[in-house]
K.L.:
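One structure, as structure tokens, below. Some questions next.
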There are 2 protein chains.
Amino acid sequence: MTIGLAPVETQPLHEVVYERLRHALMSGQLAPGRKLTSRKLAKELGTSDMPVRSALMRLQALRALEQLPNGSMVLPAMTKARFDDLMTTRLVCEPAAARQAVEQLDRGGLLKLRQVAVALTAAAEDQDIDAYLYHNHDFKFAIYAACGSPSLLFLIETLWLQVGPFLRQFSGQFDNDLRGILELDYHDEIVKCLEDRDSEGVVELLTRDIRDGHAFLMENGQFE
Amino acid sequence: MTIGLAPVETQPLHEVVYERLRHALMSGQLAPGRKLTSRKLAKELGTSDMPVRSALMRLQALRALEQLPNGSMVLPAMTKARFDDLMTTRLVCEPAAARQAVEQLDRGGLLKLRQVAVALTAAAEDQDIDAYLYHNHDFKFAIYAACGSPSLLFLIETLWLQVGPFLRQFSGQFDNDLRGILELDYHDEIVKCLEDRDSEGVVELLTRDIRDGHAFLMENGQFE
DNA sequence: TTGTTATTTTTGCGATCGCATTTTATAAAA
DNA sequence: TTTTATAAAATGCGATCGCAAAAATAACAA
């Protein structure tokens with residue numbers, strides 16, 4: 001008699017590589033401008049270059065990587081124009097997702113949001129930028145995931161995949177300059193609006209949140 | 001002395017295959033549910049399966065293809081829920097793009113739009129669905145391309161890449177049922193608003209355009 | 001040191017091979 | 001005819017090879 005366990009689902013290698021690269025991108029381990037060559041990456045990861053090529057092409061399709069004329073993949077540099085553009089498009093998608101989420105969020109979702117908001121405030125007080133960025137992502141996507149629209153969620157994810165690497169330039173920094181952004185914290189107010197099913201309030205606050213981050217980074221970010 | 005011509009830029013094969021597949025998708029040559037196997041496609045295209053694999057993965061990254069548990073790629077079936085979702089997200093992105101385009105459109109752009117609008121009306125009168133769909137795509141993207149936001153344009157393109165194959169189910173049909181959608185034609189009014197720089201009017205009309213198409217297809221489309 | 005040329009290494013990319021699994025076709029049995 | 005068992009073909013996927021182009025390095029001259 002066989003044991004009552006499902007067989008181990010071994011993911012394809014190219015899927016594993018993709019996830020690792022995607023995570024490395026979003027957690028800011030790769031600096032903009034960095035060139036990613038399939039052979040070298042393959043050697044690092046201990047695979048052949050084939051699965052790496054697959055993963056790189058997928059990331060490029062999502063515009064998380066850029067293809068040089070010679071075919072090499074580069075983490076695109078962030079210019080002010082591009083950042084401006086991405087943030088403006090965030091303003092189109094994310095408040096809309098939040099508005100839809102207002103009706104969908106259940107008690108469990110709200111509970112989680114309250115917890116993340118606490119962690120977020122703590123991170124801000126500690127001036128812990130890494131924790132702040134982590135929980136901020138967690139917070140926003142807890143809302144967006146509740147919008148009930150897979151397609152809109154997907155679009156937002158591709159936007160974050162492009163902005164993410166840039167945000168992480170602040171990782172590890174503790175300049176006083178950064179206090180500003182950490183201190184204006186709409187998260188608690190957003191939770192309150194969500195509890196009250198106040199969709200206009202959520203949209204208003206989230207818009208301000210993104211705008212403030214936009215303005216702050218246009219000032220303090222290191223652009224190409 | 002060499003001739004004054006730039007060297008012939010030979011695109012990589014996987015790029016050619018990608019473009020061909022992408023075009024086949026958007027022009028509805030591939031029916032939803034159709035399974036795309038790299039080896040068979042490669043044989044059809046006269047290449048090895050490697051460049052085909054690349055192209056398929058890119059399309060899958062954009063959600064234009066779906067990956068079965070065994071790794072095969074399928075053109076995803078269109079359910080009412082998915083169509084609903086995609087059209088709702090279109091309503092988020094496209095009017096926003098159009099609003100931005102109002103300020104950017106120059107005389108040349110408006111001229112082209114007027115021409116396309118004429119072709120569109122003619123196609124509607126002729127009940128020529130293929131021509132209608134073709135010019136409709138042309139018309140909308142002439143507006144969106146003028147929005148000046150590469151990221152928003154990209155998001156809209158991924159949405160159309162998913163909806164496109166489904167729309168083409170009507171290709172070749174000439175039922176009377178289809179008159180309805182072909183007759184409500186906001187395009188001329190949209191052009192007028194664009195000429196007047198009336199952004200609210202554009203948003204209003206485009207929203208109605210998408211909504212009407214949405215409602216019509218929910219009625220008359222063949223869902224999975 | 002600085003600029004130029006030659007040499008070596010790396011890289012993108014397509015083809016082909018091999019293995020394990022799945023799918024399809026075929027044959028046998030009910 | 002329908003169902004089951006068996007054989008054959010097709011498929012996903014990773015590795016490896018080879019070629020041409022590009023990039024990096026070394027060698028040399030000014």
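For the numbers below, each heavy atom of this structure counts, side chains included, while hydrogens, waters and symmetry mates do not. As the structure is a computational prediction, the values presented were derived from the model and not from experiment. The sequence lines fix the lettering, A, B, ..., with proteins before strands; numbering per chain opens at 1.
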K.L.:
Of all heavy-atom pairs between A:I190 and A:V202, which one has the smallest distance, and what is that distance?
P.N.:
O-CG2, 4.3 Å
K.L.:
Can you tell me the distance, in whole Å, between the CG atom of A:D49 and the C1' atom of D:dG14?
P.N.:
10 Å
K.L.:
Where is the tightest heavy-atom contact between B:S151 and A:T89, given as atom of each residue plus distance?
P.N.:
OG-OG1, 2.6 Å
K.L.:
To the nearest Å, how far apart are B:M57 CE and D:dC13 P?
P.N.:
7 Å
K.L.:
How close do A:A96 and A:L152 get, heavy atom to heavy atom, and via which atoms?
P.N.:
C-CD2, 4.3 Å
K.L.:
Between C:dT11 atom P and A:L68 atom CG, what is the distance in whole Å?
P.N.:
13 Å
K.L.:
Measure CD/A:E15 against C1'/D:dC13 and give the value in whole Å, please.
P.N.:
13 Å
K.L.:
Starting at the 5' end of DNA chain D, which residue's closest nucleotide do you reach first, A:Q11 or A:N70?
P.N.:
A:Q11
K.L.:
Can you see if the side chain of A:S72 gets near the phosphate of C:dT11 - specifically, an N or O under 4.0 Å from OP1 or OP2?
P.N.:
no
K.L.:
Start at the 5' end of DNA chain C and walk down; is the nucleotide closest to B:T47 or to B:K35 reached first?
P.N.:
B:T47
K.L.:
Is a salt bridge present between B:D130 and B:R168, judged by a nitrogen-to-oxygen distance below 4.0 Å?
P.N.:
yes
K.L.:
OP1 or OP2 of C:dT11 less than 4.0 angstrom from a side-chain nitrogen or oxygen of A:K40, does that happen here?
P.N.:
yes
K.L.:
In this structure, how many angstroms lie between the P atom of C:dC19 and the CG atom of A:L13, rounded?
P.N.:
18 Å
K.L.:
Could you check how far CG of A:L65 sits from P of C:dG12, rounded to whole Å?
P.N.:
12 Å
K.L.:
With DNA chain D as reference, determine whether B:T37 or B:M50 sits nearer its 5' end, using the nearest nucleotide of each.
P.N.:
B:T37
K.L.:
When you check the gap from the basic side-chain N to the acidic O, do B:E15 and B:R58 get nearer than 4.0 Å?
P.N.:
yes
K.L.:
When the distance from CD of A:Q67 to P of C:dT11 is rounded to whole Å, what number comes out?
P.N.:
16 Å
K.L.:
Looking at every strand, decide which applies to B:S38 at a 4.0 Å heavy-atom threshold: base, sugar-phosphate, or nothing.
P.N.:
sugar-phosphate
K.L.:
Whole-Å distance between D:dA15 P and A:K43 NZ?
P.N.:
14 Å
K.L.:
If you go through the side-chain atoms of B:R53, does one of them form a donor-acceptor pair with the base of C:dG14 closer than 3.5 Å?
P.N.:
no
